[in-house]
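All figures in this text were calculated on a predicted structure; none of them were measured in a lab. Numbering starts at 1 and runs along the sequence shown.
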Amino acid sequence: MGRLTPAVFAAQSGFHHMIARHVALHDPARALREIKAKRRILARHARDSWPCHDLRDLASPYTDHPDFPARA
């Protein structure tokens, strides 16, 4: 499977080139693979004391989100 580029996506989808660029940069298939991988990590840590250092590291990019727990 080739890499999804903005030009290829725009040509195949008919989307505006800026939307095509965004989709190509944030390829939905890649995003779903990332989600599946993170869910596997969470499952492996299900019995750990919460939250362990690995899970804190995974969550760290989201610390500025309003729903992020204050104590995490």
*Which pairs with one or both residues in residues 36-49 pass salt bridge (Lys or Arg N to Asp or Glu O under 4.0 Å), sequence neighbours excluded?*
E34-K38

*Would you name the heavy atoms of S60 and D57 that are closest together and state the gap between them?*
OG-O, 2.8 Å

*Decide yes or no for I41 and L55: does some side-chain heavy atom of the first lie under 4.5 Å from some side-chain heavy atom of the second?*
yes

*Residues two or more places apart in sequence or in another chain: which of them pass side-chain hydrogen bond (donor to acceptor under 3.5 Å, both in side chains) with D54?*
none

*Can you name the ring pair (Phe, Tyr, Trp, His ring centres under 6.0 Å) partners of H53, sequence neighbours left out?*
none

*Between atom CZ of R56 and atom CG of L58, what is the distance when rounded to the nearest 0.5 Å?*
12.5 Å

